[in-house]
Amino acid sequence: MVDDVPPVVEILADGPGYRQALVPTPRPENHAPFLHHLPDGTLAAVWFAGEREGMPDVRILMSRFDEEERRWGAAEFVSPSSSQSHQNPILASLPGGVVWLLYTAQDLGAQD
């Protein structure tokens, strides 16, 4: 769990075919969200966040939506702390309940 983040946020709007909610995040810049149903049916969101894209504090965060509570859980880091910037995450479910997190990584300032 990430420090200084409210643990949950309620749904803002709900209607036929859509649901609007905010996912809590502790970082000033957040980018490239990706939604995926995990093998158990839970909706997960991953995105990258940090002080600024390309900086080494940029990491991948993930939150899960609790259908029963109708709330997003607190964001958790799912990529390691490193000297690289992590971005553009996707989740992929494989046979046997395995879930892969795929993302790009770059050294400081290497936007190409």
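As the structure is a computational prediction, the values presented were derived from the model and not from experiment. All heavy atoms count here, side chains included; hydrogens, waters and symmetry mates do not.
Here Glu68 pairs with Asp66 under the side chain to side chain contact (heavy atoms under 4.5 Å, CB included) rule; sequence neighbours left out. Evaluation of the side chain to side chain contact (heavy atoms under 4.5 Å, CB included) rule for Glu29 yields Arg52 as partners, not counting sequence neighbours. In this structure, Phe34 has no ring pair (Phe, Tyr, Trp, His ring centres under 6.0 Å) partners at least two apart in sequence or on a different chain. With sequence neighbours excluded, the residues that form a side chain to side chain contact (heavy atoms under 4.5 Å, CB included) with Pro80 are His86, Tyr103. For Ser85, the side chain to side chain donor-acceptor pair (under 3.5 Å) test picks out Gln87, with sequence neighbours left out.
Judged by distance alone, with hydrogens and angles left aside, the side-chain atoms of Asp57 form a donor-acceptor pair with the main-chain N or O of Glu51 at under 3.5 Å. Judged by distance alone, the side chain of Ser79 and the main-chain N or O of Ile60 form a donor-acceptor pair under 3.5 Å.
Residue Trp72 comes nearest to Ala44 through the heavy atom pair CZ3-C, 4.3 Å, listed as atom of the first residue, atom of the second, then distance. Between Val78 and Leu61 the shortest heavy-atom distance is CG2-C, 4.2 Å. Nearest heavy-atom pair across Pro56 and Ser83 is CB-O, 3.6 Å. For the residue pair Phe77 and Arg27, the shortest heavy atom distance occurs at CZ-NH2, 2.9 Å. Contact detail for Pro89 and Ala32: the closest heavy-atom pair is CD-O, 3.8 Å. Taking all atoms of both residues into account, the shortest heavy-atom contact from Val58 to Glu53 is CG2-CA, 4.2 Å.
Pairs of residues two or more places apart, or lying in two chains, that qualify as side chain to side chain donor-acceptor pair (under 3.5 Å) and include a residue from residues 35-47 are Asn30-Trp47, His36-Ser93, Asp40-Thr42.
Taking CZ of Phe65 as the start and CZ of Arg71 as the end, the distance is 10.0 Å to the nearest 0.5 Å. To the nearest 0.5 angstrom, Leu91 atom CG is 6.5 Å from Leu38 atom CG.
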Please output the side-chain donor-acceptor pairs of residues 94-102 that fall under 3.5 Å, not counting sequence neighbours, one pair per line with the distance.
none

